[in-house]
Amino acid sequence: MPKAVVPVEKKPKAIQAAAQTGKNEKDKSFNPQVFEKKWQEKWEADKLYRAVIDHSKPKFYALTMLPYPSGDLHMGHWFPMTPSDARARFMRMKGYNVLFPMGFDAFGLPAENAAIKSGIHPMVRTRDNIVRMRAQLRSMGAMFDWDREAVSCEPEYYKWTEWFFIQLYKMGLAYRKMSPVDFCPNCNTTLAREQVWGDDRHCERCGTPVIKKDLDQWFFKTTQYADELLRFDELDWPERVKTLQTNWIDRSEGASVIFKTETGSHDVEIFTTRPDTLWGATFMVFSPEHPLVDEITTPENKAAVEEYKAQAARQSDIQRGAVDKEKTGVYTGGFAINPVNQARIPIWIADYVLMSYGTGAIMAVPAHDERDFAFAKKYDLPIVEVIRPEASPPSPLPMGEGRRGEGGELQEAYIGAGVMVNSGQFNDTKVNTEKGRKNPGISAVIDWLEQKGIGKESVNYRYRDWLISRQRYWGAPIPMIHCEVHGWNPVPEDQLPVLLPEDVEWKPTGESPLKLHPTWKNTTCPVCGEPATRETDTMDTFMCSSWYHLRYLSPHYDKGPFDPAEYDYWMPVDTYTGGIEHATMHLLYTRFFHKAMRDAGVVKGNEPMMQLRNQGMVLGEDGEKMSKSRGNVIAPDVLVKKYGADTVRAYMMFFARWEMGAPWDSQGIEGTARWMRRTWTLFTDQTPPGSVSDQTKRTLRRRVHQTLRKVTHDFENFEFNTIISSLMELMNEMYKARDAGAAGAPEWSEAQDYYLRMLAPVAPHIAEELWTNHLGKPYSIHQQQWPQFDETAAKEDVIELPVQINGKVRDRITVPAEAGEDEIKSAALASEIVQKYLEGREPKKVIVAKGRLVSLVV
RNA sequence: GCCGAAGUGGCGGAAUUGGCAGACGCGCACGACUCAAAAUCGUGUUCCCUACGGGAAUGAGGGUUCGAUUCCCUCCUUCGGCACCA
């Protein structure tokens with residue numbers, strides 16, 4: 001199609017000059033690096049994105065996970081942040097008063113490790129990095145409200161992190177305990193369970209396998225909220241995250257039962273999910289670390305028991321935890337009494353029983369538990385069947401269902417449904433495969449145990465309390481003081497913050513550098529005023545990030561962690577975006593934190609973040625995770641310099657499904673760059689109006705409104721890639737319409753107007769430049785409303801319907817969009833091609849799916 | 001072993017409720033412009049077949065249906081989480 005010829009004298013100056021030198025005119029005039037900077041400065045000067053309480057508008061709190069100030073903004077920041085920004089901008093145009101804040105999660109190891117190496121103070125380095133990253137963040141052209149920036153390592157912030165610790169302490173939710181904890185020998189600090197990952201139990205941060213240490217540490221009682229954390233009914237969160245959190249907490253229902261030891265007659269509580277199999281308990285197994293082991297061990301077994309304990313202690317958790325490892329154990333010589341039938345059963349110790357789950361002791365029912373079965377076989381312990389499959393007494397059973405040998409003895413544990421046998425008055429009680437109270441056998445036995453006072457219904461969790469002590473300097477101090485006489489007491493709140501000392505020697509010793517400081521830890525007891533010492537460990541940085549969304553509300557407020565008026569207006573967070581890797585860490589901690597503070601009366605509502613969406617990851621071009629060592633890192637700064645921020649933003653939204661992520665494709669970005677240039681050309685080339693058909697105008701308007709419907713829908717649903725394709729399609733349509741002479745028509749003006757407003761959230765700079773400077777519309781496009789959708793305009797006049805004969809498309813017919821079923825039917829039958837395929841036969845069936853297709857069956 | 005997610009052209013991906021599979025873009029091919037190249041613009045691009053026509057195809061196999069990428073069953077592959085959890 002011939003392009004409209006533009007007379008040279010009508011072209012703007014820059015283009016004219018370019019045309020005269022014979023150079024490419026568009027490239028010369030399209031210079032995003034210049035206008036992007038210009039608009040960023042103007043928006044900033046005009047305070048365009050300040051979010052101020054305005055009760056006349058509905059509020060919208062859009063939050064995206066804050067970065068650690070590593071000093072460089074990378075793809076891992078751009079990919080979540082720019083689409084989140086586009087959506088926040090969209091909500092703003094939809095009429096919401098939008099808060100979209102940004103800050104820095106500024107405590108943490110890298111700054112401290114750098115200090116150890118270089119001697120540069122973490123505060124100095126962190127502040128430098130923040131200055132640098134702030135500038136990089138601004139280059140995105142995001143609508144961050146920088147007046148609300150919060151930085152977690154500043155005393156005005158961590159004062160309140162400490163304050164929150166004290167509130168938790170006052171509620172009895174913070175406690176100190178000596179226990180075996182996970183310690184990362186590389187990071188030189190303890191870690192919470194959530195921060196130990198993978199089969200080899202490595203440190204989430206640095207990948208080093210962790211070791212166990214017995215240490216006195218501070219914990220938060222997250223387990224107190226386990227049941228509530230399992231409830232997600234108020235939340236619009238991805239199923240994936242809910243599943244990960246549910247599995248992590250891993251609630252299991254059953255009963256606790258008291259067994260008595262023969263020697264000393266101690267009560268030994270055990271937890272079981274199968275109280276219906278109590279009569280089949282033929283021995284007990286204690287964890288080697290169980291406190292009663294020494295007492296019940298008889299002199300003749302002492303040596304073997306001691307050796308086994310020592311060996312178990314030497315083994316790492318990984319070795320002990322290997323599933324395929326053969327079960328080992330030793331007999332203690334002691335006995336326990338099974339409370340349901342008074343049977344005298346031997347007590348063994350074995351490392352397959354873990355001190356960290358349940359009570360560290362189990363009843364072993366070899367007939368109905370695979371692990372107990374293997375153990376009983378190996379050590380020749382008795383196996384008593386107490387559940388029998390109902391319908392099939394002697395017939396051979398399939399694998400995994402309690403196969404029997406020739407003598408009828410079990411060859412493997414039976415874990416299926418059946419009836420209870422060998423169980424006294426419970427014989428013939430039905431047992432199904434449900435857990436807890438849903439299982440009639442279990443339910444009946446629990447009732448009976450409770451009645452007899454030997455057991456009760458009980459729930460166990462895999463979830464552990466949150467270990468928050470870190471033996472590092474660069475974190476919020478734990479505001480506790482220890483006195484010889486009065487024990488641990490919190491620092492009085494009017495003395496907060498407990499400031500980090502500046503003159504510290506950083507040494508990776510495994511103990512906090514604060515401990516090595518000559519004077520810092522010396523203080524006085526808040527109870528008696530006598531000399532006392534401060535806690536020298538600092539808090540896990542996940543404590544800082546548990547409440548940063550609250551500090552954004554009023555980052556400089558000094559009468560509390562946040563201004564209640566701001567809280568009441570903005571909270572809860574409406575949309576939260578970030579990576580899935582925090583599913584069982586930050587996202588679980590912050591929910592716990594919110595619930596605890598709700599119970600303290602500090603915050604309202606049950607949940608802090610109502611809607612959550614996770615983006616995927618941008619991989620290197622080789623399909624591997626981007627990392628310096630692999631050399632596959634793509635630097636956004638370089639791309640911004642080459643293409644401009646709008647192109648990079650658009651590509652972040654376009655190149656992959658956002659929730660999936662994909663490997664980087666450096667050729668692919670050329671596509672969005674081309675789109676930006678073509679958009680520029682569409683608006684800056686002056687095309688004289690021509691004579692244009694009503695049909696063309698009608699079609700253009702229809703496409704504009706159809707695109708609006710699609711783009712609106714996709715913004716609401718985080719389907720960013722199709723927003724871009726729809727806009728690309730509309731642009732292509734506009735080129736066609738312009739070539740058909742549409743320029744000058746009111747439909748053309750509307751198309752230009754709508755196109756730019758839809759483009760504004762995606763590519764804020766070019767949209768502003770074209771809107772303000774080329775269309776001469778009022779500054780700023782970012783203060784405009786989202787376009788008004790017109791259903792009538794979007795409607796099709798005529799539609800093309802495929803006609804299927806026996807499921808194959810044979811022809812297409814064109815009918816009015818409003819055509820009724822009969823009209824469509826006769827149009828289909830009137831088709832020559834259809835008649836050819838029918839070969840004179842009457843169709844058995846004619847299905848008309850209105851607006852979709854016609855299907856004929858012969 | 002258990003739980004979860006995902007498999008669509010050479011590639012990223014599209015397909016509101018079951019209704020024209022492959023939108024949009026990358027790449028590639030050809031053409032225009034150019035001395036030439038780049039850029040730009042235009043055309044084509046799932047595969048197969050002696051090809052103005054026909055057939056096959058959304059990881060594999062089966063089912064429901066006039067009709068399945070979409071719903072159901074079985075299996076395979078990849079990724080993620082948990083794992084001697086009593």
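We name chains A, B, ... by the order of the sequence lines, and we start the count at 1 in each one. Atoms considered below: every heavy atom in the structure, side chains included; atoms not considered: hydrogens, waters and symmetry mates. Worth saying up front: this structure is predicted, and the values here are computed from it rather than measured.
A distance-only check finds no donor-acceptor pair linking the side chain of W279(A) to the backbone of D276(A) [under 3.5 Å].
Comparing atom distances between the R677(A) side chain and each of U40(B), C26(B), U16(B) picks out U40(B) as nearest. In the set U17(B), A86(B), C3(B), U17(B) carries the atom at the smallest distance from any side-chain atom of R852(A). For N732(A), the side-chain atoms get nearest to C24(B) when compared with the rest of C84(B), C24(B), A14(B).
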Carefully, step by step, assess F655(A) and W664(A) under the rule ring pair (Phe, Tyr, Trp, His ring centres under 6.0 Å). CA-CA 8 Å; F655(A) 91 108; W664(A) 183 258; 5.8 Å; yes
Going through the distances and angles, do Y651(A) and T82(A) end up as a side-chain hydrogen bond (donor to acceptor under 3.5 Å, both in side chains)? CA-CA 10 Å; Y651(A) 193 54; T82(A) 54; over 6 Å; no
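The 5' end of RNA chain B is approached more closely, in terms of each residue's nearest nucleotide, by D665(A) than by the other of D665(A) and K435(A). Summary of the strand contacts: N460(A) and R193(A) both lie near RNA chain B, and taking for each the nucleotide with the nearest heavy atom, the more 5' one is attributed to R193(A).
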Protein-to-nucleotide contact annotation, 5' to 3' order, nucleotides 67-74 of chain B [B base; S sugar-phosphate only; - none; under 4.0 Å, heavy atom]: --------
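When the P atom is compared between G25(B) and G42(B), the two are found 11 Å apart, to the nearest whole Å.
Base contact: E800(A) has a heavy atom under 4.0 Å from a base atom. Residue contacts shown for Y837(A) are limited to sugar-phosphate atoms, with no base heavy atom under 4.0 Å away.
When the P atom of A23(B) is taken as reference, atom CE of M731(A) falls 16 Å away, rounded to whole Å.
Secondary structure note: stems in RNA chain B built from 3 or more consecutive Watson-Crick or G-U wobble pairs under 3.5 Å occupy B:1-7 with B:76-82, B:10-12 with B:24-26, B:27-32 with B:40-45, B:46-49 with B:53-56, B:59-63 with B:71-75.
Taking the charged nitrogens against the carboxylate oxygens, R703(A) and E733(A) do have a contact shorter than 4.0 Å, which makes a salt bridge.
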